[in-house]
Amino acid sequence: MHKSVLPKEVIEYLKPKPGENFIDCTLGQGGHAFSILDLTGPSGQVLGIDWDKESLNRFCAQHPDLKPQRLIVANGNYSRIREIAEKLDFKPVNGVLLDIGLSSWHFEESGRGFGFSKDEYLDMRYDTGVPESASGLVNRLPQKDLERILREWGEEKFARSISRKIVVDRARKPITTTLELVEAVKKGVPTRYHDRRPHFATRTFQALRIAVNHELENLETALPSAYGILSPGGRLVVISFHSLEDRIVKNRFRELKASEGAIILTKKPISPQQEEINSNPRSRSAKLRAIMKPEA
Ligand SMILES: C[S@@+](CC[C@H](N)C(=O)[O-])C[C@H]1O[C@@H](n2cnc3c(N)ncnc32)[C@H](O)[C@@H]1O
């Protein structure tokens, strides 16, 4: 079961009121969307978007009594938020939420190799329409490109030796499963790191997931589009989970302040309280930032 991250803070910064409309760009299991709906009744709507069709179908199957006039669901990439909202004629937009990344379901049940606790096909795509899986990338890219991905998007200090071991292993047999990749990574990391936390393969998996799904480009595109469709006084709230994403959010928000007069509501990013981290360790690295479009 996915526990929504920073639930109180999302509400504090989105400030939903009765009759208002919100877009939840990362519906997941709907935790944030439902708490917004609780505060916007009886007529406010939420447009819930998720790129992962299987996750979305599962959500709909679990909530057969959903009132479509209040929660509208759409499958799509949040980089296309404007197009999705326009197609559904969803307006005005009083607030937008992005809770970036993947849900616990992806790790635990999707069977797509997002984590390394189970041996699964090394897929890592949210949308199976994305042309190449993580296994495809790992077996195709030249060593230098793999090294760059691990260094830039995993901030992995052993990027060179890991990428070299991957290339050696795949020459013997293509790497197609999570545990085959973990084995290659292990050979590229000094032995003293093998039992340390976080797990030595964490950064490699993060980097590949970012590469496969073009996660940073999606975020770069989504932020100005989301801001653009807000009505005056509307708010944009973003939760990110690693420094690369947070840097993009911070910089884009600054640009929107300079070019459009956006009001930054969080001078510093908001992190979860220790109590939340204890009950939901996944929230540990979460950072929330929010901006507001000036009132007309
Ligand atoms: C952290 S979960 C959201 C959890 C949700 N806020 C909740 O309370 O249950 C992120 C969700 O975003 C989806 N996602 C990832 N990249 C996306 C993208 N580019 N566009 C739309 N959805 C995306 C994932 O499939 C996942 O379900």
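Whatever order the structure lists ligands and atoms in, that order sets their numbers, starting from 1. Numbering of residues begins at 1 and proceeds along the displayed sequence.
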Subject >> atom 20 (N) of ligand 1: nearest protein contact (heavy atom, Å) >> reply: Tyr78 N, 2.8 Å

Subject >> Heteroatom distance test (Gly30, ligand 1): nitrogen or oxygen, under 3.5 angstrom >> reply: yes

Original post:
Considering distance alone, does some N or O of Gly31 sit under 3.5 Å from an N or O of ligand 1?
Top reply: yes

Original post:
Between Asp24 and ligand 1, which part of the residue brings a heavy atom under 4.0 Å of the ligand: side chain, backbone, both or neither?
Top reply: neither

Original post:
Can Leu27 be said to touch ligand 1, with heavy atoms closer than 4.0 Å?
Top reply: yes

**OP:** Would you check if the side chain of Thr176 reaches a backbone N or O of Tyr121 as a donor-acceptor pair within less than 3.5 Å?
**Re:** no

Original post:
Which ligand 1 atoms does His2 reach within 4.0 Å, using its non-hydrogen atoms?
Top reply: 4 (C), 7 (C), 9 (O)

Original post:
What protein heavy atom is closest to atom 8 (O) of ligand 1, reported as residue, atom name and distance in Å?
Top reply: Ser4 OG, 2.6 Å

**OP:** For Gly76, counting its heavy atoms only, list the atoms of ligand 1 lying under 4.0 Å from any of them.
**Re:** 20 (N), 21 (C)

Subject >> Side-chain H-bond candidate by donor/acceptor type, Glu20 with Thr40, under 3.5 Å >> reply: no

Original post:
For ligand 1, is any non-hydrogen atom under 4.0 Å from Glu215's backbone (N, CA, C, O), its side chain (CB onward), both, or neither?
Top reply: neither

Subject >> Sub-3.5 Å N/O-N/O distance, Arg282 and ligand 1 >> reply: no

**OP:** Decide salt bridge (Lys or Arg N to Asp or Glu O under 4.0 Å) for Arg112 and Glu120; before the verdict, give the C-alpha distance in whole Å, the side-chain angles of both, and the deciding distance to 0.1 Å.
**Re:** CA-CA 6 Å; Arg112 279 183 243 153; Glu120 296 174 344; over 6 Å; no

Original post:
In terms of residue, atom name and distance, what is the protein heavy atom nearest to atom 25 (O) of ligand 1?
Top reply: Asp50 OD1, 2.7 Å

Original post:
Does any N or O in the side chain of Asn21 come within less than 3.5 Å of the main-chain N or O of Pro92, such that one atom is a donor and the other an acceptor?
Top reply: yes

**OP:** Please check if any side-chain donor atom of Thr191 sits under 3.5 Å from a side-chain acceptor atom of His194, or the reverse.
**Re:** no

**OP:** Considering only non-hydrogen protein atoms, determine which one is nearest to atom 19 (N) of ligand 1 and report residue, atom name and distance to 0.1 Å.
**Re:** Asn77 OD1, 3.0 Å

Subject >> Student check: side-chain heavy atoms of Leu208 and Leu181 closer than 4.5 Å >> reply: yes

Original post:
Just distances here: any N/O of Gln29 and N/O of ligand 1 closer than 3.5 Å?
Top reply: yes

Original post:
Nearest non-hydrogen atom to atom 10 (C) of ligand 1 belongs to which of Gly101, Ser103, Gly28?
Top reply: Gly101

**OP:** Scan side-chain atoms only and decide if Tyr227 and Glu255 contain a donor-acceptor pair under the 3.5 Å cut-off.
**Re:** no

Original post:
In ligand 1, which numbered atoms sit nearer than 4.0 Å to a non-hydrogen atom of Thr26?
Top reply: 3 (C), 4 (C), 5 (C), 6 (N), 10 (C), 11 (C), 12 (O)

Subject >> atom 23 (C) of ligand 1: nearest protein contact (heavy atom, Å) >> reply: Trp51 CB, 3.7 Å

Original post:
Is the backbone N or O of Tyr78 less than 3.5 Å from a side-chain atom of Asn218, with the two atoms forming a donor-acceptor pair by type?
Top reply: no

Original post:
Can you list the atoms of ligand 1 that are under 4.0 Å from a heavy atom of Asn218?
Top reply: 19 (N)

Original post:
Which ligand 1 atoms, with their elements, are less than 4.0 angstrom from a heavy-atom of His106?
Top reply: 24 (C), 25 (O), 26 (C), 27 (O)

**OP:** Give yes or no for whether the N/O distance cutoff of 3.5 Å, strictly under, is met between Asp99 and ligand 1.
**Re:** yes

Original post:
By number and element, which atoms of ligand 1 are closer than 4.0 Å to a non-hydrogen atom of Cys25?
Top reply: 21 (C), 22 (N)

Original post:
Testing Leu216, Val238, Thr26, Ile239 for side-chain contact (heavy atoms from CB on, under 4.5 Å) with Ile100, which one passes?
Top reply: Val238

Subject >> Pair Tyr193-Lys157, side-chain donor/acceptor within less than 3.5 Å >> reply: yes

Original post:
Within a strict 4.5 Å, meaning less than it, do heavy atoms of the Asp89 and Lys91 side chains meet?
Top reply: yes

Original post:
Hey, are Glu217 and Ser79 close enough side-chain-wise for a donor-acceptor pair under 3.5 Å?
Top reply: no

**OP:** Just jot down the ligand 1 atoms closer than 4.0 angstrom to any heavy atom of Asp52, in number order.
**Re:** 25 (O)

**OP:** Assess Lys3 for proximity to ligand 1: is some non-hydrogen atom of it under 4.0 Å away?
**Re:** no

Original post:
Quick one: does Asp52's side chain have a donor or acceptor within less than 3.5 Å of a partner on Ser55's backbone?
Top reply: yes

